[in-house]
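Here's the structure we're looking at; comments come further down.
Convention: sequence-line order gives letters A, B, ...; per-chain numbering from 1. Hydrogens, waters and symmetry mates play no part in the numbers below; they use all other heavy atoms, side chains included. Predicted model only: the values in this text are computed from it and were never measured.
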There are 2 protein chains.
Amino acid sequence: MPATSRPTSKDVAHEAGVSQSTVSLVLGGKWTGRVSPATARSVHDAAERLGYRPNQAARSLRLGTTRTVMLVVPTLTAPFFGPVYTGAVRVAARHGFGVVAYVWPDDAGPADSPFAAPHEAIDGILASSMAVDALAGFRGTPAVMLDSDPSGSVPTVGFDVEDGMRAVVAHLSGLGHRRVGHVAAGVDQWTFRARARALTEGIRALPGGSLSRATCAIEVGSAKAAAARLLTSPDPPTVLVCDDDLIAAGAYKAARALGLEVPSDLSVTGFDDVLLATALEPELTTVAVPAEEMGARGMETLLELLDGRRPPRRVLPGVLKVRGSTAAPAHR
Amino acid sequence: MPATSRPTSKDVAHEAGVSQSTVSLVLGGKWTGRVSPATARSVHDAAERLGYRPNQAARSLRLGTTRTVMLVVPTLTAPFFGPVYTGAVRVAARHGFGVVAYVWPDDAGPADSPFAAPHEAIDGILASSMAVDALAGFRGTPAVMLDSDPSGSVPTVGFDVEDGMRAVVAHLSGLGHRRVGHVAAGVDQWTFRARARALTEGIRALPGGSLSRATCAIEVGSAKAAAARLLTSPDPPTVLVCDDDLIAAGAYKAARALGLEVPSDLSVTGFDDVLLATALEPELTTVAVPAEEMGARGMETLLELLDGRRPPRRVLPGVLKVRGSTAAPAHR
DNA sequence: CTGAAAGCGCTTACAG
DNA sequence: CTGAAAGCGCTTACAG
């Protein structure tokens, strides 16, 4: 074995005094009944002595598989996607798979597809919070979509955001709220369309209920402005239902700027239950969605798909966390 | 070409009526002067027609290089690391490199090294916010450390946290503060040791200055408790210098719980300037560190290293952002 | 129980 | 200007 470069299976074979086939069999764990225990022992010893680690490129080429999965997310700076990635990696690691995160569309570079990337050596795709047709052109690569429109042909793992939103409406109507403002994310994603739909239907079913809506970017300044528009309208809402926790932070700021106290003068709700929700004062009433679990379940689903099975659609609950930002309206 | 599987360079060669070598030369962009323009044209056409994409595993095996870099971070759920990854990916993509993120130590699985992972096919390592010796056992793999102790033998890219902390002290002393409380992150990382050191020295140099310290986890509840300890001590500080923006959020909560108004009764500063800093009310005075730029510069440094050069240590500024959470102390 | 051989898909000397 | 051949390091029939 040349001292300069890493040892190969051939080196191990030589060191153990056996053939390369035997090394492969032993190290691949397929030796029982085919190789004598003594020989297996000596192969393991030789590999250990040499510090042998198989060359993955060669393995991939031979096997036609890379044991790598690509997680496609719209951004990694939003607090939601870190946990998704973490959950996916946890499950992948248990099965000897790696995960490459890919941000797409890429605001930096040209809007080329993930497949223009060099690390295209991938067995499957996990795509989170993307349009249904975002994966067009990927035909042939097994894929699972997360937090996306479940009506497509690809297996999905998502949250029951409708149910979460219904719980918000029930909570608020129980408190006595009727005039509701929706600070909506101006982002064309399935989850936000679902949130808007569920809220609209919930308020429609509420006797005496009325709904106003303002749209903003998922960003504090923009959210603050949208919330302020709602709060300064002729017949202002007594509660602001926000599409996202960060938007709720903007709503807090609009309230303070107008001299309104949360929750005595104005109730506010969020969505997602990211770190921020409990960092705010008062702590935010919001719908918790298990992002890390979605990543984990998504990876399990993809692994089943790669295994040739037909995994079912999976839906995780969105559960309301009642905290300090909601209370009965001050005056009817 | 078999209709069932993807086309190879051999298929392209056959389609264009040339040899595999010519295809490789043309598609690799090394053909000028060696292949006639007409032939090159026909190769490109054939590749396009067949939808050819080179097999990366074969390429890696042949070249002994994977054009993939591993970014090792302690967590992806903290808001700081998303931008680091994003910056690294941006630069990597420009050079035809991919980035795999690897969370380590892995709180989930067993504490094995990143190299136990299957996707070990990597050309270099970018390690952020880790102990100097975290990369022991990686000897041989080119590595760059980010946000870490610069005294090791590996090239580093970091922030000038000492300078940032000095700016905090100058700002506070200019406002008239003398009794300073440090809500410190109880995390054994170089950056936090540097922050504590710079703060201690700054206060020591301040006439009449005094410093008390409480340690906590980087988490709102723990930070709130630590801040409360400081604020309920006999001679409480007039300002809380927090090691992290999330810790500052905890300090806000402790203040409110004790009936203190920020900034009139108590000033608070943070560190990092993550999203949260401007979501809080009042907005947080904090030291901004350019996380995304660190990721980008780190990747450039690693690329230089892979290129056989000896890149210099790089230090990015930490700049104080004065916002609404600091003011003159109410009474001396 | 063990080994020799083929071949995965590329790229790069080398020969012409 | 173009092609035939070798070889990167693995795994898996196949032969014995």
Tell me whether the OP1 or OP2 atom of D/dG9 has a side-chain N or O from A/T8 closer than 4.0 Å. no
Among D/dG3, C/dC10, D/dG9, the nucleotide that comes nearest once only the side chain of A/L61 is considered: D/dG9
Length of the NZ-P vector between B/K10 and D/dA5, whole Å: 12 Å
Counting only side-chain nitrogens and oxygens, does B/S21 get under 4.0 Å of the OP1 or OP2 atom of D/dT2? no
Backbone of A/T65 reached by a side-chain donor or acceptor of A/S60 within 3.5 Å: yes
A/D11 CG - D/dC10 C1' separation (whole Å): 13 Å
Using whole Å, report how far CZ of B/R53 lies from C1' of C/dC10. 16 Å
Please report, rounded to the nearest Å, how far the C1' atom of C/dG7 is from the CG atom of B/N55. 13 Å
Rounding to a whole Å, what distance do you find between A/L63:CG and D/dC8:P? 20 Å
Counting side-chain heavy atoms from C-beta on, which of D/dT12, C/dG9, D/dG3 comes nearest to A/S24? D/dT12
Given the options A/R314, A/R313, A/R309, A/T301 meets side chain to side chain donor-acceptor pair (under 3.5 Å) only with A/R314
Considering just the side-chain nitrogens and oxygens of B/T22, establish if one lies under 4.0 Å of OP1 or OP2 belonging to D/dG3. yes
Side-chain ion pair, B/E304 and B/R310, N-O less than 4.0 Å: no
Between D/dG3 (P) and B/Q20 (CD): distance, integer Å: 12 Å
Is the closest side-chain donor-acceptor distance between A/S9 and A/Q20 under 3.5 Å? yes
Could A/D11 and A/R6 be called an ion pair, given the rule that one side-chain N must be under 4.0 Å from one carboxylate O? no
Grab the CZ-P distance between A/R62 and D/dT12 for me, whole Å please. 6 Å
Using modelled atom types only, decide if a donor and an acceptor are shared between the side chain of A/D272 and the backbone of A/V274 within a distance under 3.5 Å. no
Could you state the atom-to-atom distance from CZ of A/R59 to P of C/dC10 in whole Å? 20 Å
Just to be sure I follow the notation: if a pair is Watson-Crick (purine N1 to pyrimidine N3 plus N6-O4 or O6-N4) or a G-U wobble (N1-O2 and O6-N3), each under 3.5 Å, what dot-bracket string does DNA chain C give, with | for pairs to another strand? |||.||||||||.|||
Can you check whether A/H95's main-chain N or O pairs, donor with acceptor, with A/R67's side chain at less than 3.5 Å? yes
Tell me which residues in residues 25-45 of chain A put a heavy atom below 4.0 Å from DNA chain C, sorted by number, or none. A/G33, A/R34, A/V35, A/S36, A/T39
Pairing of B/R49 and B/D45 as salt bridge, 4.0 angstrom limit: no
Is a side-chain N or O of A/S24 found less than 3.5 angstrom from the main chain of A/S21, in a donor-acceptor match? no
Phosphate contact (C/dC10 OP1 or OP2) by B/S9 side-chain N/O below 4.0 Å: yes
